[in-house]
S.K.: 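The structure that follows is given in the form of structure tokens.
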Amino acid sequence: MPKAFEDFKFSDDQKTGAVSVFWENVHLAAKALKEDTNCPNEIIASGLRAVAAEWD
């Protein structure tokens with residue numbers, strides 16, 4: 001899990017429910033992108049931040 005997940009105080013239900021599933025899916029997608037494209041981690045992270053900014 002990302003540090004933000006560890007630092008934020010989710011409820012126990014959230015940690016084992018939808019929030020956990022969300023982070024697992026994000027992690028797997030980023031890992032697949034890395035493996036498929038050999039894209040640098042910084043670019044993947046930047047892309048994730050850009051997507052997240054759409055919801056801020």
Side-chain angles (χ1 to χ4, degrees):
M1 295 292 161
K3 185 165 178 16
F5 181 86
E6 300 297 331
D7 290 345
F8 194 82
K9 302 302 179 207
F10 292 106
S11 70
D12 287 340
D13 289 339
Q14 289 172 320
K15 286 182 182 178
T16 59
V19 172
S20 179
V21 170
F22 169 80
W23 280 116
E24 181 66 17
N25 287 331
V26 169
H27 172 76
L28 291 174
K31 184 177 177 183
L33 181 62
K34 175 73 174 178
E35 290 172 357
D36 292 348
T37 65
N38 202 24
C39 191
N41 291 343
E42 295 81 11
I43 301 298
I44 294 170
S46 177
L48 289 171
R49 283 190 294 273
V51 170
E54 292 182 23
W55 290 303
D56 282 344

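Computed over heavy atoms, backbone and side chain alike; hydrogens, waters and symmetry mates excluded. Bear in mind the structure is a predicted one, so any value in this text is a computation, not a measurement. FYI, the numbering just counts along the sequence from 1.
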S.K.: Residues in side chain to side chain contact (heavy atoms under 4.5 Å, CB included) with Leu33, at least two apart?
M.R.: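 Checked Leu33 against side chain to side chain contact (heavy atoms under 4.5 Å, CB included); matches are Thr37, Ile44.
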
S.K.: Nearest 0.5 angstrom please: Glu42 CD to Arg49 CZ, how far?
M.R.: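 Rounded to the nearest 0.5 Å, the CD-CZ separation comes to 9.0 Å.
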
S.K.: Would you confirm whether Lys34, through its side chain, and Cys39, through its main-chain N or O, come within 3.5 Å as a donor-acceptor pair?
M.R.: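 Checked: pair present.
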
S.K.: Quick check on Lys31: does its NZ atom have over 12 non-hydrogen neighbours (other residues, nucleotides or ligands) under 6.0 Å away?
M.R.: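 Not buried by this count: 12 neighbours or fewer within 6.0 Å.
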
S.K.: Less than 4.5 Å apart, side chain to side chain, heavy atoms only: is that true for Ser46 and Ile43?
M.R.: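 A side-chain contact under 4.5 Å is absent here.
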
